[in-house]
Amino acid sequence: MNAETTEQPVVDPGRARVLVDPDLDAEFVDFVTSAGAYLYRTAYLLSGDADQAEELVQATFERTYRAWAKARAGEPRAYARRILMNLRIDGWRKDRRTAVTDDGVVPLSPVPDHAHDVSVRDELGKALRALPLGQRRVVVLRHLLDLSEAQVAEEIGISLGSVKSANARGLARLRSLLSASAIEAVPEFRADGDRVLLQARAAVRRRRAVRAVVTVAGVFVLVLGLLLTGPVRVPGLGPVALPGSEWLREVLGLDGRGIAALPSDHADTAACIRPADDAPTTPVDTMSAGWGDLTVVGLIDTADAHEVERCVDVIVDHRWTTAARVQADATTLGERESLLNWSDPYEGLDPDLIPGPFTLDALAPDGKGGSDRVPVAETEQVDGRWPQALGLVRQGDRAAWFETPNTQIAGTLPWTLRVLDEDGSVTTVSDSSALKVAEAGTAVLSDTLLGWTTRPNVARARCNRTLHTAALDGSAEVRTAVRERVCALGSTPDGLLVAYEEGSGGPAFGAGSGTTTVVELLSGPGDVEPEALLSIRNQDIGYQAVSALGYDAGRLVLAAGDLIYLVDVSAQTAYQVRGTSPVTTLDVSAGTVAWSTEDGSAYAMVDRDGAPGLVRLSREMAAVGVHGDLIAWTSLGENDVASLTFARVRW
């Protein structure tokens with residue numbers, strides 16, 4: 001057919017449309033130009049620092065560009081604001097681990113400005129920084145960004161009542177700090193859309209490169225894992241041993257990954273010839289205070305503690321420096337002179353994008369002045385994401401922990417509770433699908449029972465956790481809500497130590513003259529059998545909730561506020577230890593009590609022939625644990641480098 005004579009279709013010019021794909025990059029540049037000042041103002045009011053605000057805005061634009069197709073379909077400014085808020089929340093979490101050395105004055109970048117404006121801006125930064133983190137977020141979103149209370153509650157994932165109360169307290173505080181003109185005193189900011197676009201494209205390219213590396217590494221790890229798993233069950237063929245699997249496992253030393261497989265022939269590397277009676281005692285101020293059937297007979301002050309001395313207080317077996325940022329938690333100390341510690345191979349990566357599992361290592365002396373790291377477990381994906389491991393606890397050759405991804409979403413975070421058994425196997429005992437309205441709390445172990453707490457996803461004051469238990473006899477029978485209003489848990493070989501509140505009313509939530517705190521020892525593995533150890537009125541401990549527990553051989557130790565109580569259960573007498581900041585971890589074994597505090601100190605105390613001896617082990621971000629006569633502690637020094645000491649109590 002002749003193309004020139006072929007009949008052509010008739011097009012109605014009035015109804016014709018030309019469909020052209022929108023220029024997404026051009027739209028993004030326009031968005032940067034229009035929203036830059038708004039986002040910078042939000043970031044500055046949240047951080048109080050001009051340089052940090054610029055970094056937050058740039059990071060926000062980079063993440064928004066990665067999801068620009070999704071962001072432009074809705075409200076791009078609100079989408080970017082949520083990203084900025086999540087980034088700032090991550091920054092607050094890092095700030096908690098950062099030592100503040102200045103006097104709190106907000107640093108200002110050198111900009112051309114009048115003296116009055118600088119003064120007002122400084123006043124604004126100081127006032128906002130003085131607010132607690134939750135109040136600061138609510139005030140900025142509610143009054144400086146003009147969001148409604150319902151929008152603020154949805155934005156940061158808290159209840160409407162919490163928004164109202166935080167807003168009222170925040171405004172009351174600001175009224176005493178700010179003048180009316182300070183609210184508008186934010187440095188001028190102009191975003192270069194083209195420059196931001198180039199930086200966002202570069203960030204996307206880097207992200208793709210990282211994903212490619214992670215994918216290749218994942219394939220390699222998968223192949224290696226298949227080789228290391230031993231026989232693989234193939235349908236129709238049965239168990240098949242992959243080529244090289246047995247040889248590779250033997251070379252890497254991965255047979256027997258349980259704690260029980262650790263060597264136990266670590267001999268002492270230091271000998272002491274000093275007389276045993278050189279160890280000093282600590283003075284006790286006599287007192288008499290009645291707690292029902294219990295009598296407080298003495299007061300001990302941590303100011304009287306002496307610094308730990310080698311060959312006087314302890315015989316040091318091993319001491320070495322661990323890798324940067326590794327602080328082995330000495331409360332996981334057990335037999336064979338070993339500690340359990342989670343590796344951190346993903347330092348510096350976005351915690352929302354963890355690319356793989358964390359490894360649980362057993363650290364043990366190698367007899368040569370160093371340490372062996374033996375992998376004993378790995379995390380698994382939770383709700384389709386790689387999680388962080390939290391709340392590690394150990395009893396003998398078992399360990400337990402929670403796994404939860406660091407998701408910045410409203411509502412309950414998903415979690416699983418996992419147990420490392422004596423044979424090296426890891427099982428999941430419970431997860432958030434079974435307890436949908438609860439977040440993960442803490443876990444404890446005995447020789448026969450596993451216990452763990454959950455808490456409501458809306459924070460409440462004081463003892464707000466619920467205790468659940470599971471038997472470790474192979475049945476893993478789970479009992480939910482064994483105890484309510486739980487304050488603290490403790491691990492002992494004989495059972496689970498639990499402190500919970502009874503009664504109501506009074507000056508604080510759940511506290512009053514009729515309220516008591518009960519400490520029980522729960523045993524098993526069948527029906528949980530409680531043994532009452534202590535019942536104390538909350539007014540006798542200053543209406544402070546019990547925060548830490550320890551028990552061994554009739555000695556009960558509990559922490560409440562900044563005080564520690566050492567109770568002889570059979571004699572119904574107690575000593576009070578004061579002068580310490582709130583306790584973070586507490587451990588009791590064979591008459592030795594060890595604890596670490598929020599200010600970074602670590603202490604140990606032993607009853608030496610009826611007289612207490614109190615020793616300060618470390619002053620620098622320490623953790624401490626005891627097992628029999630073995631004691632271990634860590635100290636975090638300069639550049640986040642930790643030293644780990646294994647020793648034996650000489651008293």
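Since we're looking at a predicted model, the values are computed, not measured. Values reported hereafter were calculated over all heavy atoms of this structure, with side chains retained and with hydrogens, waters and symmetry mates removed.
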Atom pair CD (Glu501) and OG1 (Thr517), whose distance is rounded to the nearest 0.5 Å: 4.5 Å
When rounded to the nearest 0.5 angstrom, what is the spacing between CG in Asp304 and CZ in Arg616? 10.0 Å
Is any side-chain heavy atom of Ile631 closer than 4.5 Å to a side-chain heavy atom of Val624? yes
Are any of the side-chain nitrogens in Asp552 or Arg555 under 4.0 Å away from the carboxylate oxygens of its partner? no
Only counting residues at least two apart or in another chain, list the ones meeting side chain to side chain contact (heavy atoms under 4.5 Å, CB included) with Pro493. Gln395, Asp447
Using side chain to side chain contact (heavy atoms under 4.5 Å, CB included), reason through Val588 and Val626 one step at a time and then give a plain yes or no. CA-CA 7 Å; Val588 183; Val626 291; 5.7 Å; no
Got a sec, which residues hit side chain to side chain contact (heavy atoms under 4.5 Å, CB included) with Asp285, two or more places apart in sequence or on another chain? Leu299
Identify the two heavy atoms, one from Val426 and one from Ala377, that lie closest to each other, and give their separation to 0.1 Å. CG2-CB, 3.8 Å
Could you check if a side-chain atom of Leu472 sits within less than 4.5 angstrom of a side-chain atom of Arg398, using non-hydrogen atoms only? yes
Quick check against the 3.5 Å criterion: does Gln151 have a side-chain atom that pairs as donor or acceptor with the backbone of Ser148? yes
Can you tell me which residue among Asp494, Leu467, Val444, Leu489 is in a side chain to side chain contact (heavy atoms under 4.5 Å, CB included) with Leu522? Leu467
For Thr634 and Ser618, work out which heavy atoms get closest and say how close. O-OG, 4.3 Å
List for me each residue that meets ring-ring contact (aromatic ring centres under 6.0 Å, His included) alongside Tyr551, sequence neighbours excluded, and say none if there are none. none
How far does CG of Leu417 sit from OG of Ser432, to the nearest 0.5 angstrom? 11.5 Å
Are the side chains of Val567 and Val557 in touch, meaning some heavy atoms are under 4.5 Å apart? no
My understanding is that only residues two or more places apart in sequence, or in another chain, count here; which of them pass side chain to side chain contact (heavy atoms under 4.5 Å, CB included) with Ala488? Val546, Leu549
How far apart are the closest heavy atoms of Ser581 and Thr597, and which atoms are they? OG-CB, 3.2 Å
Those residues that, when tested against Ser433, pass side-chain hydrogen bond (donor to acceptor under 3.5 Å, both in side chains) (two or more places apart): Asp431
Residues in ring-ring contact (aromatic ring centres under 6.0 Å, His included) contact with Tyr565, at least two apart in sequence or another chain: Trp291
So do the side chains of Pro582 and Gln544 get within less than 4.5 Å of each other, counting heavy atoms only? no
Side chains of Glu403 and Thr379: any donor to acceptor distance under 3.5 Å? no
So which heavy atom on Ala560 is nearest to which on Ser547, and how close? N-OG, 4.4 Å
So that I know where these two stand, are Phe402 and Trp415 an aromatic pair - ring centroids less than 6.0 Å apart? yes
Heavy atoms, side chains only, cut-off 4.5 Å: are Leu449 and Leu496 in contact? yes
If you look only at pairs with a residue in residues 578-597, which of them pass as a ring-ring contact (aromatic ring centres under 6.0 Å, His included), with sequence neighbours excluded? Trp595-Tyr603
For the student: nearest non-hydrogen atoms of Val486 and Arg483, plus distance: CG2-O, 3.6 Å
Are any side-chain N or O atoms of Arg394 and backbone N or O atoms of Gly396, one a donor and one an acceptor, separated by less than 3.5 Å? yes
Set of residues satisfying side-chain hydrogen bond (donor to acceptor under 3.5 Å, both in side chains) with respect to Thr295, sequence neighbours excluded: none
Could I get the full list of side-chain hydrogen bond (donor to acceptor under 3.5 Å, both in side chains) partners for Thr416, not counting sequence neighbours? none
Would the distance check show the side chain of Thr428 and the main-chain N or O of Ser430 forming a donor-acceptor pair, the cut-off being under 3.5 Å? no
Do the charged groups of Glu380 and Arg418 touch, with an N to O distance under 4.0 Å? yes
Return the CH2 to CG distance between Trp633 and Leu617, rounded to the nearest 0.5 Å. 5.0 Å
Identify which one of Thr466, Asn464, Thr442 satisfies the side-chain hydrogen bond (donor to acceptor under 3.5 Å, both in side chains) criterion when paired with Thr453. Thr442
Considering only residues two or more places apart or on different chains, which pairs with a residue in residues 567-586 satisfy salt bridge (Lys or Arg N to Asp or Glu O under 4.0 Å)? Asp301-Arg578
If you measure from the Lys or Arg side-chain nitrogens to the Asp or Glu carboxylate oxygens, is any gap between Arg465 and Glu484 under 4.0 Å? no
Could you work out, with side chain to side chain contact (heavy atoms under 4.5 Å, CB included) as the rule, every residue matching Gln381, not counting sequence neighbours? Trp386
Can you find a heavy atom in the side chain of Ile158 that is under 4.5 Å from one in the side chain of Val163? yes
May I ask you to test the Thr332-Val393 pair for a side-chain heavy-atom distance under 4.5 Å? no
Donor-acceptor contact present, side-chain Thr404 to main-chain Pro414, <3.5 Å: yes
In Å and rounded to the nearest 0.5 Å, what is the CG to CE distance from Leu614 to Met605? 6.0 Å
Do Val519 and Val498 come close enough that some side-chain heavy atom pair is under 4.5 Å? no
Check step by step if side chain to side chain contact (heavy atoms under 4.5 Å, CB included) holds for Asn538 and Thr516. CA-CA 5 Å; Asn538 283 351; Thr516 58; 5.8 Å; no
Side-chain donor-acceptor pair under 3.5 Å between Ser589 and Thr592, yes or no? no
The test is side chain to side chain contact (heavy atoms under 4.5 Å, CB included); show your working for Leu558 and Leu534 and say whether it passes. CA-CA 10 Å; Leu558 59 93; Leu534 179 67; 3.6 Å; yes
Roughly how far apart are Leu644 CG and Asn341 CG, rounded to 0.5 Å? 9.0 Å
Shortest non-hydrogen separation from Trp401 to Ala389 and the atoms involved: CD1-CB, 4.3 Å
The side-chain hydrogen bond (donor to acceptor under 3.5 Å, both in side chains) partners of Thr454 (sequence neighbours excluded) come to His468
Does the pair Val284 and Thr286 meet the rule for a side chain to side chain contact (heavy atoms under 4.5 Å, CB included), with working shown? CA-CA 6 Å; Val284 178; Thr286 58; 5.5 Å; no
